[in-house]
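Data first, discussion second: the structure below is written as structure tokens.
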Amino acid sequence: MSEEFKEQLRKYSEDSLPEDERAEVERELEKLEAYQVYLDELMEREDQQTPKHFIHKPDLPEKNTSKKAKKTALRKEKRIIRRGKWKARFANTFTVLAFVLAFTVISTIITAVFYNSGDRVDRYRDVLISAVAVSRPNTSLNLNANGKFFFRMEYSGRLMKQIGSEQVDVGSYSSKFLLGLGGIGNYNWTDQQSGNTGSFNFNYPQAAQSTGGQRSDAQEWERLEMLPEGTVAEAYLSFDRLYSTDELLKKLEPLNVLPVWFAVDGGQAADERSFSTLLGFPYQPLWHAEDMTVREISSEKWGWFGKVTSSTSSSPSVESYGSGELREQNFIETLQLLQKYKTITRNAAPFLKVDKSLSYLEEHGVHLYGAVITGPVKELLKLQKDSWVSNIRIGEVRLWNWRD
């Protein structure tokens, strides 16, 4: 170690170095790990030496004094180096923490700007709700969006079913987004039956005709007859042929029941005979931002320079047992929305074949081969005499909650 550097170390320990020289010394101290180890080893060797080596030498007092001075100098240098090392460590730690904090703030700003520009928060929510609604009979989804750090957004909400006049909670759903990339949807059902769409398969008309007119749902009717009169139930109906939406609604109008979901022939029923993936639309249309009519816009001052703008919108009106063309058009537009956001749709409804279904519907139109309805058990029993109902499956049952 040069005398010049020793002098710099002395001034560094006394806090008398200029800032530029202090920074240079601290950089040098970071490189002195090997020198620190050498000093430790040197101190150990000197401590282990015995006085016998110097016992017969006449200059022993002088050498002992020299050794003590050397040891004192080495210890001082060791303290200076250790002090410099800790200062360097604190400086590096502070730099890392400052970088993490700055990155967190910047990522939060970018996340907020990204999701709020172009109404992405509402649009992604609409896609998730629509994907669940068209692929799972009688299942609706209420979603909340929660912005996270580092360009992430999490959607979470409850899965609901219409049983009688009440909405019944059947589970939860969540999906995590990284910017515009949606993650795999996580379904958490309260019971296995609610999440298994194959438990309540519909029969396609040609499949019903192949049984030679013999009914395969006798046990379901018996089960329905055994239910107490003061109960409501969910029923999955299959038809004797394909119906338009208007035709089906007219058949249901005389009954004191509530239509919930319509099963649509999207090509897979006739070609593949596979019902692991169902396709349909809810009785209440899935209105999107483009369908809404703005009635009123109001602005309110917020803070010194801010302004909050709110609007009142209304959706198209539909007849309770009509407006079939409007309902079918809304269904097509919903599939087109899902087609535009294929990755999000695939993660929410993995088996949904949007492209193939849209192509088939544009060529053949929208036709229904099944429906989900709910209502009092005594009203559902009336369907046993109707020839247009080829099959029935009973789903959820609840105590009386019906409101006419």
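Counting begins at 1 with the first residue of the sequence.
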Are a donor atom and an acceptor atom from the side chains of [X] and [Y] found within less than 3.5 Å of each other?
| X | Y | result |
| --- | --- | --- |
| Y204 | D265 | yes |
| Q162 | T374 | no |
| D126 | H288 | yes |

inquiry  = Is there a salt bridge (charged side-chain N to carboxylate O under 4.0 Å, His left out) between E290 and R123? Walk through the geometry before answering.
reply    = CA-CA 11 Å; E290 297 80 2; R123 179 63 70 180; 2.5 Å; yes

Does [X] make a cation-pi contact with [Y], if we ask for NZ or CZ under 6.0 Å from the ring centre and within 45° of the axis?
| X | Y | result |
| --- | --- | --- |
| R241 | Y243 | yes |
| R346 | F351 | no |
| R136 | Y187 | yes |

Nearest-0.5 Å distance that lies between atom [atom1] in [X] and atom [atom2] in [Y]:
| X | Y | atom1 | atom2 | value |
| --- | --- | --- | --- | --- |
| L159 | L143 | CG | CG | 8.5 Å |
| L335 | L358 | CG | CG | 4.5 Å |
| D246 | E319 | CG | CD | 8.0 Å |
| L337 | S130 | CG | OG | 5.5 Å |
| K385 | L381 | NZ | CG | 10.0 Å |
| Y321 | E253 | OH | CD | 7.0 Å |

With a 4.0 Å cut-off on N to O distance, would you call [X] and [Y] a salt bridge?
| X | Y | value |
| --- | --- | --- |
| R125 | E154 | no |
| E234 | K161 | yes |
| K342 | D355 | yes |
| R398 | E396 | yes |

Output yes when a side-chain donor or acceptor of [X] lies under 3.5 Å from a complementary backbone atom of [Y], and no otherwise.
| X | Y | answer |
| --- | --- | --- |
| E220 | R393 | no |
| E247 | S244 | yes |
| D217 | Q219 | no |
| T190 | V170 | yes |
| T231 | L227 | no |
| S135 | L352 | no |
| S238 | N203 | yes |
| W402 | G230 | no |

Are [X] and [Y] close enough that some pair of their side-chain heavy atoms sits under 4.5 Å apart?
| X | Y | result |
| --- | --- | --- |
| L249 | Y283 | yes |
| R223 | V397 | yes |
| V372 | L237 | no |
| L326 | P285 | no |
| I373 | L258 | no |
| M160 | N142 | yes |
| P137 | L278 | yes |
| Y155 | S174 | no |

Residue pair [X] / [Y]: nearest heavy atoms and the distance that separates them:
| X | Y | value |
| --- | --- | --- |
| S315 | W287 | CB-CD1, 3.4 Å |
| F239 | S390 | O-OG, 3.1 Å |
| R327 | G322 | NE-O, 2.9 Å |
| P205 | L242 | CG-N, 4.0 Å |
| V264 | G280 | CG2-CA, 3.8 Å |
| I394 | A233 | CG2-CB, 4.4 Å |

inquiry  = Go through it in stages, so that I can follow the logic: the residues are I392 and W221, the test is side chain to side chain contact (heavy atoms under 4.5 Å, CB included), and I'd like the CA-CA distance, side-chain angles, deciding distance and then a yes or no.
reply    = CA-CA 8 Å; I392 189 172; W221 289 113; 3.4 Å; yes

[X] atom [atom1], neighbour heavy-atom count above 12 within 6.0 Å:
| X | atom1 | value |
| --- | --- | --- |
| Q339 | CD | yes |
| E225 | CD | yes |
| L399 | CG | no |

inquiry  = Using 30° and 60° as the class boundaries, would you call the ring planes of Y236 and F202 parallel, tilted or perpendicular?
reply    = tilted

inquiry  = Let's go through Q167 and S140 carefully: what are the C-alpha distance in whole Å and the side-chain angles of both, what is the deciding distance for side chain to side chain contact (heavy atoms under 4.5 Å, CB included) to 0.1 Å, and is it a yes or a no?
reply    = CA-CA 9 Å; Q167 289 272 317; S140 60; 3.5 Å; yes

task = May I have the step-by-step check of side chain to side chain contact (heavy atoms under 4.5 Å, CB included) for F281 and N330, ending in yes or no?
result = CA-CA 9 Å; F281 59 92; N330 174 255; over 6 Å; no

request  = Before giving the answer on side chain to side chain contact (heavy atoms under 4.5 Å, CB included), spell out for L338 and V134 the whole-Å C-alpha distance, their side-chain angles and the decisive distance to 0.1 Å.
outcome  = CA-CA 10 Å; L338 299 181; V134 302; 3.8 Å; yes

